[in-house]
Amino acid sequence: MSNIGKSKAADRIAALLDESSFVEIGSLVTARSTDFNLTEEKAASDGVITGYGLINGNLVYVYSQDASVLGGSVGEMHAKKIIRLYSLAMKMGAPVIGLLDSAGMRLQESTDALNAFGTLYRRMSFASGVIPQITAVLGNCGGALAVAAGMSDFVFMEGKSAKLYVNSPNSLAGNKEEDTAGAAFQSEKSGLADFVGTEDEILAQIRVLVSILPANNTDEAPAVDVEDDLNRVCEGIEGAAGDTSILLSQISDGNLVCEVKAASAREMVTGFIKLNGMTVGAIGNRTEVYDGKGEKTAEFKPLLTAKGLEKAARFVRFCDAFDIPVLTVTNAEGFYADKHNEFRIAKAAAAFADALANATVPKVNVITGRAFGSGYMLMNSQGLGADLTFAWEDAQIGMMDAKLAAGIMYDGKDARTLDEKASAYAALQQSVEAAAGRGYVDTVIKAGDTRKMVIGAFEMLYTKAEERPEKKHGTV
């Protein structure tokens with residue numbers, strides 16, 4: 001049943017949830033402050049509608065800010081309503097979804113609003129890794145509220161008019177033209193926004209995401225009937241080796257891929273797929289991007305970047321927190337080398353290595369191309385903790401390209417000698433057979449068999465249990 005009246009904030013909730021499933025709580029809450037004649041203002045629900053409902057039959061808690069009431073500004077009671085929602089969600093083990101459209105912190109309430117915001121941050125921190133937190137920025141989201149969005153697991157952003165910022169673009173020293181609050185900047189450059197689209201697209205995508213994710217860290221993802229053939233051969237998948245997003249769609253049940261942060265660090269793909277009905281978190285290096293028409297729109301070197309590793313590290317930590325298995329697709333030759341990347345590549349690589357090494361969920365690696373040096377080692381190698389490693393028949397695994405290695409080891413030799421030594425190095429140190437002979441690859445597979453082999457691996461690993469040293473938490 002629904003108790004909410006008509007408003008844009010209410011319409012958004014109605015569009016998000018299953019029909020007539022929303023129940024509002026705290027509808028009579030109003031602001032306590034009397035400063036600056038605030039009591040003379042009409043503040044229905046103190047500018048935020050809070051309650052619970054269903055998405056495809058799954059319980060969720062939702063709050064939607066009402067910009068028509070005091071600009072949707074966040075005061076003491078406004079924040080307390082959201083905090084109350086979090087308390088219920090934590091007790092019930094269900095996701096929290098925030099629909100943000102706010103003028104920011106309510107100035108008339110000063111320290112009361114500041115204290116309430118601090119309490120909200122604390123509650124969101126406690127909820128992190130326990131229940132999924134999803135935020136959709138549908139209007140303004142500035143200052144302290146932007147920090148709350150940053151504490152969410154997933155951020156959706158309306159593409160045309162929504163604004164997300166800590167400091168407004170015109171207050172940034174040296175910034176004259178770039179809209180740092182817009183969806184393009186926040187999705188492509190800052191990487192904060194995971195998904196960008198129209199309001200209708202965002203609400204539909206949230207419904208898809210909720211249907212994929214577990215409700216909490218002790219639950220499993222919603223069960224679905226699998227109509228796709230578990231032994232389906234993925235014909236022609238070799239042609240998708242460059243664009244990992246397409247490759248993942250080919251092995252996923254019904255070709256489902258829910259890509260996360262798709263516009264940021266596009267050389268690294270992160271997203272959720274389904275394998276035999278099981279939600280799996282997938283990570284893969286990408287060298288090409290194709291649009292829906294099959295046209296190539298971007299090309300990258302098979303190298304790891306700081307931004308890509310940071311994106312992947314956060315994704316692994318989320319998957320591990322919610323017991324979602326991790327699949328990696330490896331095609332990397334090392335680190336991207338330029339001054340900008342060098343500023344943070346070591347720290348980013350360390351964070352990714354730490355995330356994978358500490359993850360106790362099932363971890364499967366598929367090597368599809370060239371896996372050399374640090375690129376091979378970081379992308380879920382056995383040494384880092386992969387439970388099973390598969391490699392396509394034409395994959396190459398080793399320290400570096402054979403010609404480069406021969407040039408270093410036999411510097412000054414003639415071209416014929418270098419070619420001979422490069423061929424010998426490729427056979428002894430770079431072939432997939434050599435890696436399998438040392439036990440670093442469990443099975444060499446045909447590319448078309450990737451789906452059935454990965455499904456079988458995760459089924460075998462379903463009851464995996466792995467211990468870690470006792471400690472409060474890591475520091476990487």
Side-chain angles (χ1 to χ4, degrees), residues 1-5 7-18 21-32 43-55 58-67 69-70 72-102 105-106 109 112-113 115-139 141 144-156 203 206-207 209-210 213-217 219:
M1 59 179 291
S2 174
N3 300 323
I4 58 177
S7 68
K8 195 169 186 179
D11 290 342
R12 287 166 173 166
I13 292 176
L16 173 66
L17 301 181
D18 295 349
S21 70
F22 183 70
V23 177
E24 186 177 5
I25 55 178
S27 61
L28 300 180
V29 172
T30 57
R32 292 196 309 146
S45 298
D46 204 35
V48 61
I49 299 171
T50 57
Y52 58 92
L54 303 176
I55 290 181
N58 302 301
L59 175 65
V60 295
Y61 290 82
V62 184
Y63 65 93
S64 181
Q65 293 178 316
D66 190 347
V69 179
L70 299 175
S73 59
V74 182
E76 176 195 15
M77 301 308 292
H78 182 122
K80 283 187 174 181
K81 287 183 67 176
I82 301 173
I83 294 165
R84 165 70 172 153
L85 202 70
Y86 264 92
S87 296
L88 289 171
M90 290 282 281
K91 290 177 183 178
M92 295 305 300
V96 172
I97 303 169
L99 308 178
L100 306 189
D101 188 358
S102 170
M105 194 175 295
R106 192 172 299 164
E109 298 192 27
D112 289 333
N115 183 72
F117 246 118
T119 306
L120 175 59
Y121 291 164
R122 189 166 186 260
R123 191 58 55 90
M124 292 183 73
S125 177
F126 289 165
S128 181
V130 179
I131 56 174
Q133 301 180 68
I134 300 170
T135 294
V137 180
L138 304 176
C141 176
L145 194 59
V147 177
M151 295 182 73
S152 303
D153 295 309
F154 302 99
V155 177
F156 295 73
L203 297 178
I206 291 175
R207 288 181 61 88
L209 185 62
V210 169
L213 298 178
N216 56 68
N217 63 350
D219 199 5

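Quick caveat: nothing in here was measured; it's all calculated off a predicted structure. Hydrogens, waters and symmetry mates are skipped; everything else that's a heavy atom, side chains included, is used.
Side-chain contact between Tyr63 and Ile13: absent, with no pair of heavy atoms (C-beta onward) separated by less than 4.5 Å. Residues Arg207 and Leu203 have side chains not in contact (no heavy-atom distance under 4.5 Å, counting atoms from C-beta outward). With contacts defined as side-chain heavy-atom distances shorter than 4.5 Å, the pair Tyr52/Leu88 does not qualify. Side-chain contact between Leu209 and Pro132: absent, with no pair of heavy atoms (C-beta onward) separated by less than 4.5 Å. Leu145 places a side-chain heavy atom less than 4.5 Å from the side chain of Phe117.
The backbone N or O of Ile134 sits nowhere less than 3.5 Å from a side-chain atom of Ser152 that would complete a donor-acceptor pair. In terms of modelled atom types and a separation under 3.5 Å, the side chain of Ser87 and the main chain of Ile83 share a donor-acceptor contact. Remark: side-chain polar atoms of Gln65 are paired, donor with acceptor, to backbone N or O of Asp101 under 3.5 angstrom. Side chain of Asn216 to backbone of Ile131: no donor-acceptor contact under 3.5 angstrom is found. A donor-acceptor pair is defined here as one N or O able to donate and one able to accept, closer than 3.5 Å; no such pair exists between the side chain of Asp219 and the backbone of Pro214. Checking side-chain atoms of Asn58 against main-chain N and O of Ile55 turns up a donor-acceptor pair under 3.5 Å. Between the Ser64 side chain and the Ala9 main chain, a donor and an acceptor come within less than 3.5 Å of each other. A donor-acceptor pair is defined here as one N or O able to donate and one able to accept, closer than 3.5 Å; such a pair exists between the side chain of Tyr121 and the backbone of Ala144.
Here the shortest heavy-atom pairing between Ser73 and Ser102 reads CA-OG, 3.7 Å. Contact record, Val155 with Ala149: CG2-O, 3.3 Å, taken as the closest heavy-atom pair. Pairing each heavy atom of Gly53 with each of Leu17, the nearest pair is CA-CD1, 3.9 Å.
Considering OG1 of Thr50 and OH of Tyr61, their distance stands at 11.5 Å, rounded to 0.5 Å. Note that OG1 of Thr119 is 9.5 Å distant from CD of Glu76, once rounded to the nearest 0.5 Å. Taking CE of Met77 as the start and CG of Asp46 as the end, the distance is 7.5 Å to the nearest 0.5 Å. Considering CZ of Phe156 and OG1 of Thr135, their distance stands at 9.5 Å, rounded to 0.5 Å. Note that CG of Leu85 and CG of Leu120 are 10.5 Å apart. Values are rounded to the nearest 0.5 Å.
No salt bridge links Arg12 with Asp66; every basic N to acidic carboxylate O contact stays at or beyond 4.0 Å.
Between Ser128 and the options Met151, Gln133, Arg123, a side chain to side chain contact (heavy atoms under 4.5 Å, CB included) holds for only Gln133. Screening Val62, Val60, Asp11, Val210 against Leu16 for a side chain to side chain contact (heavy atoms under 4.5 Å, CB included) leaves a single residue, Val62.
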